[in-house]
Amino acid sequence: MGSITEQEDDIPTYAPSLQVPSVQEMVMKDPLQVPERYIRNEEEMQKKLDMFHLSSQVPIIDLSLLSKGDEEELVKLDLACKEWGFFKVVNHGVESEVLKAMKDATVQFFELPLEEKNKISMPPDDIQGYGHAYVVSEDQILDWSDALILLVYPSRFRKLSIWPTEPKGFKEAIDAYSTELKRVALELLGSLSLVMGMDKGSLLELHKELLQGIRVNYYPPCRMADKVLGISPHSDTSTITILMQDDDVTGLEIRHQEGWVPVKPVPNALVVNVGDVMEILSNGKYKSIEHRAVTNERKTRLSYATFFIPRDEVEIGPLDHMIESQGSLPMNKKVKYGEYVRQSMKMKHDGKAHTQMAKT
Ligand SMILES: O=C(O)CCC(=O)C(=O)O
Ligand SMILES: [Fe+2]
């Protein structure tokens with residue numbers, strides 16, 4: 001566990017976000033109150049576009065088969081990234097104790113008094129810490145959630161001054177969970193390189209160094225669940241994202257065939273999605289799909305999103321062989337990843353609006 005004590009060193013900062021109240025605190029004080037600034041109109045909720053019946057069709061990928069180079073599983077992976085942009089991963093080899101320790105410690109953290117959590121609140125110029133990201137205007141409609149965001153790898157980028165000291169063992173749980181997820185991500189990047197017709201190590205190499213950040217989302221129950229969103233529709237600016245969700249509450253919904261398909265939790269499975277970087281590199285063959293989280297009338301839900309991203313100076317653009325193999329024109333221009341991600345964070349979550357800046 002030596003990495004937990006490493007020094008802080010040139011840790012990147014990302015973007016400012018306006019301070020807004022803790023939703024958890026608001027609900028605790030008055031569970032019936034839902035302030036105006038959280039309420040969305042019917043059109044935005046797009047309830048009519050619920051496609052519950054497609055939920056069971058979200059692809060399931062077996063990581064143990066992928067790591068053996070199983071051809072059939074690689075074909076399934078390729079199809080999942082093309083047609084859904086999302087899939088569930090089973091047989092990933094992460095011990096259920098590691099997942100549970102992360103969940104238990106996180107729940108205990110959010111149960112601490114607000115003053116305690118605020119000891120590691122996000123500074124005005126960055127998104128690491130406890131608070132809210134992507135709040136850029138006093139007028140924007142707010143998400144019904146609070147977050148804890150930390151950069152976890154490379155370990156020299158850990159801002160240990162804001163790593164939670166309470167509850168005891170939380171840091172170790174984050175470390176163990178993140179180390180396991182890194183292994184899963186490396187395996188996935190290897191397989192993705194293969195289905196893109198490259199050497200197994202190509203995608204990783206392209207990142208110069210793989211950065212890994214975690215965002216825990218805490219969604220308190222909402223008495224007007226049909227009028228608020230836990231997280232606004234967006235696509236992730238990552239290469240890939242790996243999500244762990246609570247077993248007993250469904251909240252994640254993904255865009256598919258113009259509607260919203262709920263991704264039901266499968267105990268111990270992880271959910272993976274293609275991020276903007278993969279979409280750009282593959283020249284649109286793989287889709288960085290819009291998703292959102294809805295809230296529950298009675299239950300709190302937590303989700304744990306781990307983002308894998310390249311270094312700031314890496315130029316991302318469509319790979320030549322991906323353009324050629326599809327016989328298409330480049331859909332994106334080359335951009336520095338650091339600029340892409342920071343530009344995106346200057347905007348509120350608004351579907352795929354942030355991807356425009358890199359379009360040809
Ligand atoms: O809560 C979820 O299921 C989705 C979270 C998410 O999309 C994110 O943190 O980027
Ligand atoms: Fe997301």
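Note that ligands are numbered from 1 as they come in the structure, with each ligand's atoms numbered from 1 the same way.
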Trainee: Any salt bridge between Lys119 and Glu166, counting N to O under 4.0 Å?
Mentor: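 No.
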
Trainee: Using a 4.0 Å cutoff against the non-hydrogen atoms of Ala305, which atoms of ligand 1 qualify?
Mentor: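 Per the distance check, 9 (O).
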
Trainee: Just to confirm my output: which protein heavy-atom neighbour is closest to atom 3 (O) of ligand 1, and how far is it?
Mentor: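 Protein heavy atom at minimum distance: Arg301 NH2, 2.8 Å.
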
Trainee: Mark up the atoms of ligand 1 that fall under 4.0 Å of a heavy atom belonging to Arg215, in ascending order.
Mentor: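 Answer, ordered by atom number: 9 (O).
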
Trainee: Heavy-atom contacts with Leu243 under 4.0 Å: which atoms of ligand 1 show up? List them by number with element.
Mentor: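 Atoms satisfying the 4.0 Å criterion: 3 (O).
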
Trainee: Hey, are Arg156 and Glu209 close enough for a salt bridge, meaning a charged N less than 4.0 Å from a carboxylate O?
Mentor: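 Yes, charged N to carboxylate O under 4.0 Å.
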
Trainee: Using a 4.0 Å cutoff against the non-hydrogen atoms of Tyr219, which atoms of ligand 1 qualify?
Mentor: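 Checking each atom against Tyr219, I get 1 (O), 2 (C), 4 (C), 5 (C).
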
Trainee: Considering only non-hydrogen protein atoms, determine which one is nearest to atom 9 (O) of ligand 1 and report residue, atom name and distance to 0.1 Å.
Mentor: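 For atom 9 (O) of ligand 1, the nearest protein heavy atom comes out as Asn217 ND2, 3.0 Å.
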
Trainee: Does ligand 1 have any atom that is closer than 4.0 Å to a heavy atom of Gln245?
Mentor: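 No, Gln245 has no heavy atom closer than 4.0 Å to ligand 1.
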
Trainee: Quick one about Asp78 and Tyr286 (side-chain donor to acceptor, distance below 3.5 Å, no hydrogens or angles considered), yes or no?
Mentor: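 On atom types as modelled, these side chains qualify, holding a pair under 3.5 Å.
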
Trainee: Provide the atom name of the closest N, O or S atom of Asp236 relative to the Fe ion (ligand 2).
Mentor: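 Answer by atom name: OD1.
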
Trainee: Just need the protein heavy atom nearest to atom 10 (O) of ligand 1, so name the residue and atom and give the distance.
Mentor: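 Ranked first by proximity to atom 10 (O) of ligand 1 is His234 NE2, 3.1 Å.
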
Trainee: For residues Val58 and Phe87, report the shortest heavy-atom separation together with the two atoms involved.
Mentor: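 Scanning both residues, the minimum pair turns out to be CG1-CA, 4.3 Å.
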
Trainee: Please verify the inter-ring angle class for Trp144 with Tyr38; under 30° counts as parallel, over 60° as perpendicular, anything in between as tilted.
Mentor: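 Because their plane-to-plane angle is over 60°, the rings of Trp144 and Tyr38 count as perpendicular.
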
Trainee: Regarding Asp236 and Asn273, do their side chains bring together a donor and an acceptor under 3.5 Å, going by distance alone?
Mentor: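 Asn273 and Asp236 do have a side-chain donor-acceptor pair below 3.5 Å.
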
